[in-house]
Number of protein chains: 2
Amino acid sequence: MTKKIIAFDADDTLWHNEPYFDEAQERFCELFQNYASKQEILQLILTHQVKNLPLYGFGIKAFTLSMIDSALELTNEKISGDGIQKIIDIGRDLLQKPVELLPNVEEVLEKLKGKYKLVVATKGDLKDQHRKLHDSGIGPYFHHIEVMSDKKDIDYQKMLQRLEINPADFTMIGNSLKSDVLPVLNIGGHGIHIPYHTTWEYEKIDFEITHENFKALENINQVVDLF
Amino acid sequence: MTKKIIAFDADDTLWHNEPYFDEAQERFCELFQNYASKQEILQLILTHQVKNLPLYGFGIKAFTLSMIDSALELTNEKISGDGIQKIIDIGRDLLQKPVELLPNVEEVLEKLKGKYKLVVATKGDLKDQHRKLHDSGIGPYFHHIEVMSDKKDIDYQKMLQRLEINPADFTMIGNSLKSDVLPVLNIGGHGIHIPYHTTWEYEKIDFEITHENFKALENINQVVDLF
């Protein structure tokens with residue numbers, strides 16, 4: 001029988017991520033500050049990101065291409081090659097950021113290991129997420145990493161079929177109510193929310209969740225008390 | 001006990017792919033025909049693709065970004081925004097190509113299904129490969145799709161650990177000796193090669209394989225005789 005599975009989201013659950021994206025967007029806004037306000041530029045990037053999701057999916061390469069789309073629109077296609085190079089460099093820098101674990105992550109994994117099958121379940125660039133798990137040093141705690149093309153009900157359903165486990169034996173832990181909790185509750189699994197201090201606009205929801213399989217924690221330490 | 005697993009490469013094993021990339025590169029060469037010969041441009045793209053592999057991995061988004069790198073170099077960063085847009089469009093068109101199954105693929109899957117656990121094991125863009133499997137109509141024959149960040153020994157080892165199967169019970173079928181056969185033989189699995197009429201330069205090897213776990217077939221029909 002397959003052990004019960006606990007899956008952890010990666011970005012902003014195991015390690016810091018969103019601040020790197022914020023910093024990247026700051027750099028982009030500075031490049032094009034003569035074309036629009038920071039707020040307008042951030043909105044434009046988000047618009048292109050969401051528009052591009054069906055084709056590009058999530059991750060830094062998609063983000064880079066969405067920044068290029070935004071720059072083409074901002075400059076009415078008058079952007080220079082040098083400007084394009086600077087955008088590509090922003091993307092490449094993101095792909096080489098150090099991986100900084102969040103507090104207490106390793107201690108929690110240490111306590112859970114052996115008792116459950118631990119998995120990383122994340123969106124993003126395939127190569128990049130594998131790289132980050134490797135660089136994080138916590139790879140050995142996990143049975144494997146699932147890089148998901150999206151985190152909707154159907155994506156979790158497919159993952160559980162692949163893992164050959166019942167939803168009731170599956171718990172997902174993450175910082176996004178929209179991606180880590182709601183779809184998992186929808187398909188009969190358990191969802192644990194641990195907030196991160198900043199959330200990508202796309203991941204925000206504007207309602208409360210009450211569900212018997214849902215737990216809202218304040219920090220990852222509290223996970224240990226639940227298992 | 002886990003059933004024996006047969007994994008199929010996707011691009012140019014289950015469906016046509018390389019001709020779409022060739023066509024995309026033709027379009028790129030035409031855009032920049034005043035800067036260099038076709039042969040020089042193709043070499044330049046390949047150079048950027050290989051250079052970018054450690055950061056970007058495989059797939060169409062990586063290819064698009066490598067085309068942009070190539071264009072920046074070819075034009076000495078003098079490329080126009082319109083030129084960048086045309087490159088992005090080449091990439092976007094690639095992501096929306098119809099999926100054309102190779103001959104006899106479905107018949108072979110029909111004969112194998114139920115007797116083995118059938119898996120797709122492919123490199124490329126996560127989202128794009130999921131899309132292609134869906135659009136192909138042959139998704140239901142497979143237990144799941146593994147989109148791998150690379151196809152080296154270590155990547156197959158990780159995949160087999162994840163699938164909890166011994167290498168001896170694993171067979172990989174594909175058109176690339178370098179990516180689908182050699183690493184699988186190296187880790188103790190079985191490799192079957194089915195050539196496609198054209199091969200990406202990066203996937204070529206210049207030696208013969210002789211190994212007791214290796215079979216070279218002429219077409220996918222012959223797979224059925226082996227199982």
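A note on names: the letters A, B, ... follow the listed sequences, proteins ahead of strands, and every chain is numbered from 1.
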At a heavy-atom separation under 4.5 Å, does A/T64 approach chain B through its side chain, its backbone, both, or neither?
side chain
Side chain, backbone, both or neither: which part of A/L72 has a non-hydrogen atom closer than 4.5 Å to chain B?
side chain
What distance do A/L163 atom CG and B/L163 atom CG have between them, rounded to the nearest 0.5 Å?
10.0 Å
Heavy-atom nearest pair, B/E77 first then A/D82, reads OE1-CA, 3.5 Å
Who wins among A/R92, A/Q96, A/K78 for the most heavy-atom pairs under 4.5 Å with chain B?
A/R92
Check whether A/A71 gets within reach of chain B through its side chain, its backbone, both or neither, counting any heavy atom under 4.5 Å.
neither
Do A/K61 side-chain atoms and B/Y56 backbone N/O form a donor-acceptor pair below 3.5 Å?
yes
Applying a heavy-atom distance below 4.5 Å, give me the residues of residues 127-138 of chain B that approach chain A, sorted by number.
B/K127, B/H130
Answer key: most heavy-atom pairs under 4.5 Å with chain B among A/L95, A/I68, A/D150, A/L55 is A/L55
Relative to chain B, which segment of A/L53 carries a heavy atom at a distance below 4.5 Å: side chain, backbone, both, or neither?
backbone
Would you say that B/K123 contacts A/L126 through its side chain, given a criterion of any heavy-atom pair below 4.5 Å between the two side chains?
no
Are there more than 12 heavy atoms of other residues, nucleotides or ligands under 6.0 Å from atom NZ of A/K51?
yes
Once rounded to the nearest 0.5 Å, what's the spacing between atom CG of B/L65 and atom CD1 of A/I60?
11.5 Å
Can you say whether A/M159 sits under 4.5 Å from chain B via the side chain, the backbone, both, or neither, judging by heavy atoms?
neither
Ranked by heavy-atom pairs below 4.5 Å to chain A, first place among B/T75, B/V119, B/I145, B/I88 goes to B/I88
What part of A/D125 gets closer than 4.5 Å to chain B, counting heavy atoms only: side chain, backbone, both or neither?
side chain
When every non-hydrogen atom of B/R162 is compared with those of A/H143, the smallest separation belongs to O-CE1, 3.5 Å
